[in-house]
Amino acid sequence: MAPSIPFDTRQLFIGGEWRNATRGDLVPLENPSDGSLLANIARGTAVDVDAAVNAARAALDGDWGRMTATERGRVLAEIGRRVLAQADELARLEALDVGKPLKQGRADAVALARYMEFYGGAADKVHGQTLPYQAGFTALTWREPHGVTGHIVPWNYPMQIVGRSVGAALAMGNACVLKPAEEACLTVLAFARIAAEAGLPAGALNVVPGLGEEAGAALSAHPGIDHISFTGSVATGALVQAAAAANTVPVTLELGGKSPQIVFADADLDAALPFLVNAGIQNAGQTCSAASRILVERPVYEAVLARMAERYRALRVGPAMDDLDVGPVISRRQHGVVSQYLTVARDAGLRIAAQAEIVAAAPAEGYYVRPTLVADVPPEHALAQEEIFGPVQVLIPFDGEAQALRIANGTPFGLVAGVWTRDGGRQLRMARALKCGQVFVNNYGAGGGVELPFGGVKRSGHGREKGFEALYGFSTLKTVAIYHA
Ligand code: NAD
């Protein structure tokens, strides 16, 4: 029996109204836990994107554009309250759509609410400056919205990624056009409903589901967009940036990662252990900031390996609604990608140190992958260099700080890193020398908190979202010089 979804999933949200896509085609959504058809979503086209951009522009000239920063903040805070009140329902939708165990989906809903609270509170706290200048002048700066902002979101954390990008953009007074991923967009549609019920004026948020190469490409290339926030793969990010460049539009790119956690011999291993494993298997490893490489100093290497292996063997993998440790991966395609990496590992004779079991009750049609710990992986091997985006972690031994840094920095990515050591000097030396956007010391937060600026260097992207920093990214600075003799 089809699970109940309490709204029509086949519509777009444009200018405060739910409507069908112009061409009427639909895209099927699968339930990754059993491979069944979950729902159909609209296949928005360039015509729909154009309508959404026009609706956003009209909102800037209308009620939304006239709101004060304080009023915008109140609306965001109210959205946050409503999201929190509906966290269980949002978690259920995410479990069905993304295959995310219920407690993980609930954590995402709570994070979405927190983004709305945080950016609601911040909306009227972004100040300009007065500048010392020539005699007879008063010079000052204002922060202004870009205008219409485009938001292209992947399937792995729809709620969190919508929260961080749309939350900051709305706080600064932009009007948003949002393109969710074609594999998962139920919680994004639910969020648009909640936002409208909370009093967000028509056109401030528009949602156009559809295919990446169609609706996503149309949004990236639209001349009416003033800023694009893209979260997804490196290859698509490059396409989006090229399309935006044709219109000289600024872009924030939040891309992939191959993030390390580095464990020195003096580390508190009891404290580190849960973070080492959780940051690899959370959301079945489909996390941009997944700690997919665990670098361990040689004296404690075998001990860490043994303890991680023990945890892996205790993990339970199964349907999202059963709320186990690990759910399925998102799709047949992703299952194939991850399985191929495991075949490569076996063919290369790499040491498979442990694999978790899939529970017997898991439907055969679901996209389950056995979480796998691969030991003694050469740092230059594909498994240690490429983003697998599945529950696979590699262990790499090292000798000393210098080698740890060479290995940690030796991939095309630079998103997050974790350092486990009791040595205060080393904590700071490592934090400075790691080439990435976020470093955790004696902890590892996948993606970090709402308050912490987040983003990458190298192929992991550029620009920062989250925290107060995002408010600068989602606004532009105007300088005003007044001559008054
Ligand atoms: P993807 O690049 O395939 O898709 C992301 C989004 O882009 C989707 O909405 C898709 O429809 C759209 N898209 C696809 N082709 C497009 C095109 N030609 N023009 C415009 N838009 C297009 O990525 P994915 O497979 O959905 O997501 C996984 C990737 O996202 C991983 O690499 C992961 O690391 C990354 N990610 C990064 C972060 C971060 O914050 N750095 C967070 C989550 C995911």
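Below, all heavy atoms of this structure are taken into account, side chains as well, without hydrogens, waters or symmetry copies. Every number for a ligand or one of its atoms is a count from 1 in the order of the listing. Computed from a predicted model, the values in this text were never measured in an experiment.
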For this session: Please indicate whether K458 has more than 12 foreign heavy atoms, meaning atoms of other residues, nucleotides or ligands, lying under 6.0 Å from its NZ.
Result: yes
For this session: Keeping the roles fixed (side chain from Y119, backbone from G467), state whether a donor-acceptor pair exists under 3.5 Å.
Result: yes
Exercise. Strictly under 4.0 Å, does any heavy atom of T287 approach an atom of ligand 1?
Worked result: no
For this session: Indicate, as side chain, backbone, both or neither, the part of A215 found under 4.0 angstrom from ligand 1 when only non-hydrogen atoms are considered.
Result: neither
Exercise. Under 6.0 Å from the CZ atom of R370, do we count more than 12 heavy atoms belonging to anything else shown?
Worked result: yes
For this session: Could you tell me whether a side-chain N or O of N206 sits under 3.5 Å from a main-chain N or O of C176, the two making a donor and an acceptor?
Result: yes
Exercise. Protein heavy atoms: any of them under 4.0 Å from atom 40 (O) of ligand 1?
Worked result: yes
Exercise. Would you say E183 has any N or O atom under 3.5 Å from an N or O of ligand 1, going by distance alone?
Worked result: no
Exercise. Would you say E214 contacts ligand 1, with heavy atoms under 4.0 Å as the rule?
Worked result: no
For this session: Please state whether F389 comes within less than 4.0 angstrom of ligand 1, counting heavy atoms only.
Result: yes
Problem set entry | Sidechain-backbone polar pair: D108 side chain, M159 backbone, donor-acceptor under 3.5 Å | no
Problem set entry | Residue, atom name and distance, where the atom is the protein heavy atom closest to atom 12 (C) of ligand 1 | I152 CG2, 3.6 Å
Problem set entry | Which segment of E387 sits under 4.0 Å of ligand 1 when only heavy atoms are counted | side chain
Seminar exercise, completed: Per-atom filter on ligand 1: closer than 4.0 angstrom to a heavy atom of G256 are 32 (O), 34 (O)
For this session: Could you tell me whether R464 and E469 have a side-chain N and a carboxylate O separated by less than 4.0 Å?
Result: no
Exercise. Does any N/O atom on F230 come nearer than 3.5 Å to any N/O atom on ligand 1?
Worked result: no
Exercise. At the 4.0 Å heavy-atom cut-off, does G461 count as touching ligand 1?
Worked result: no
Seminar exercise, completed: One should read off an interatomic distance between I330 CD1 and F389 CZ, to the nearest 0.5 angstrom, of 10.0 Å
Exercise. Which of the atoms of ligand 1 are close to S220, meaning less than 4.0 Å from one of its heavy atoms?
Worked result: 20 (C)
For this session: State the atoms of ligand 1, each with its element, that fall below the 4.0 Å cut-off from a heavy-atom position in V153.
Result: 6 (C), 8 (C), 9 (O)
Problem set entry | Side-chain (N174) to main-chain (G147) donor-acceptor, under 3.5 angstrom | yes
Problem set entry | Side chain R10, main chain A42, donor-acceptor under 3.5 Å | no
Exercise. With the threshold set at 4.0 Å, does a side-chain nitrogen-carboxylate oxygen contact exist between E214 and R23?
Worked result: yes
Seminar exercise, completed: shortest atom 15 (N) of ligand 1-to-protein heavy-atom contact is with T236 CG2, 3.4 Å
Seminar exercise, completed: ligand 1 to R164, heavy atom cutoff 4.0 Å, flagged ligand atoms 39 (C), 40 (O)
For this session: Answer yes or no for A235: is there a heavy-atom contact with ligand 1 below 4.0 Å?
Result: no
Problem set entry | Subset of ligand 1 atoms that lie under 4.0 Å from at least one heavy atom of K179 | 9 (O), 10 (C), 11 (O)
Exercise. Taking N or O atoms only and a 3.5 Å limit, does W155 qualify as a polar contact for ligand 1?
Worked result: yes
Problem set entry | Sub-6.0 Å ring centroid separation between F7 and W18 | no
Seminar exercise, completed: When distances are taken from atom 27 (O) of ligand 1, the protein heavy atom at minimum range is P154 CB, 3.5 Å
Exercise. Nearest to atom 20 (C) of ligand 1, what protein heavy atom do you find, and at what distance?
Worked result: G216 C, 3.2 Å
Exercise. Considering only protein heavy atoms, which is closest to atom 2 (O) of ligand 1, and at what distance to one decimal place?
Worked result: S233 OG, 2.6 Å
For this session: State the atoms of ligand 1, each with its element, that fall below the 4.0 Å cut-off from a heavy-atom position in N156.
Result: 43 (C), 44 (C)
Exercise. Who's the nearest protein heavy-atom neighbour of atom 5 (C) of ligand 1, and how far?
Worked result: T231 O, 3.7 Å
Exercise. N31 side chain to S36 main-chain N or O, any donor-acceptor pair under 3.5 Å?
Worked result: no
Exercise. How far is atom 13 (N) of ligand 1 from its nearest protein heavy atom, and which residue and atom name does that atom have?
Worked result: G212 CA, 3.3 Å
Seminar exercise, completed: The answer for which part of C288 has a heavy atom under 4.0 Å from ligand 1 is both
Exercise. Quick one: does ligand 1 sit under 4.0 Å from the side chain of V240, the backbone, both or neither, non-hydrogen atoms only?
Worked result: side chain
Exercise. Considering only protein heavy atoms, which is closest to atom 35 (C) of ligand 1, and at what distance to one decimal place?
Worked result: G232 O, 3.1 Å
Exercise. Which ligand 1 atoms, with their elements, are less than 4.0 angstrom from a heavy-atom of E182?
Worked result: 10 (C), 11 (O)
Problem set entry | Pair Q385-T411, side-chain donor/acceptor within less than 3.5 Å | no
Exercise. Side chains of Y367 and S331: do they bring a donor and an acceptor to under 3.5 Å?
Worked result: no
Problem set entry | Approximate separation, where rounding is to 0.5 Å, of L350 CG and L383 CG | 6.5 Å
Problem set entry | Where ligand 1 meets I161 - atom numbers and elements under 4.0 angstrom, heavy-atom basis | 42 (C), 43 (C)
Exercise. What do you reckon, is CZ of R57 surrounded by more than 12 foreign heavy atoms closer than 6.0 Å?
Worked result: yes
Exercise. Out of L239, L415, T252, who gets a non-hydrogen atom closest to atom 18 (N) of ligand 1?
Worked result: L239
Seminar exercise, completed: When rounded to the nearest 0.5 Å, the distance separating CZ of R92 from CG of L186 is 9.5 Å
Seminar exercise, completed: Going by the 4.0 angstrom heavy-atom rule, the piece of R459 near ligand 1 is neither
Exercise. Out of D88, D322, D323, which one pairs with K103 under the salt bridge (charged side-chain N to carboxylate O under 4.0 Å, His left out) rule?
Worked result: D323
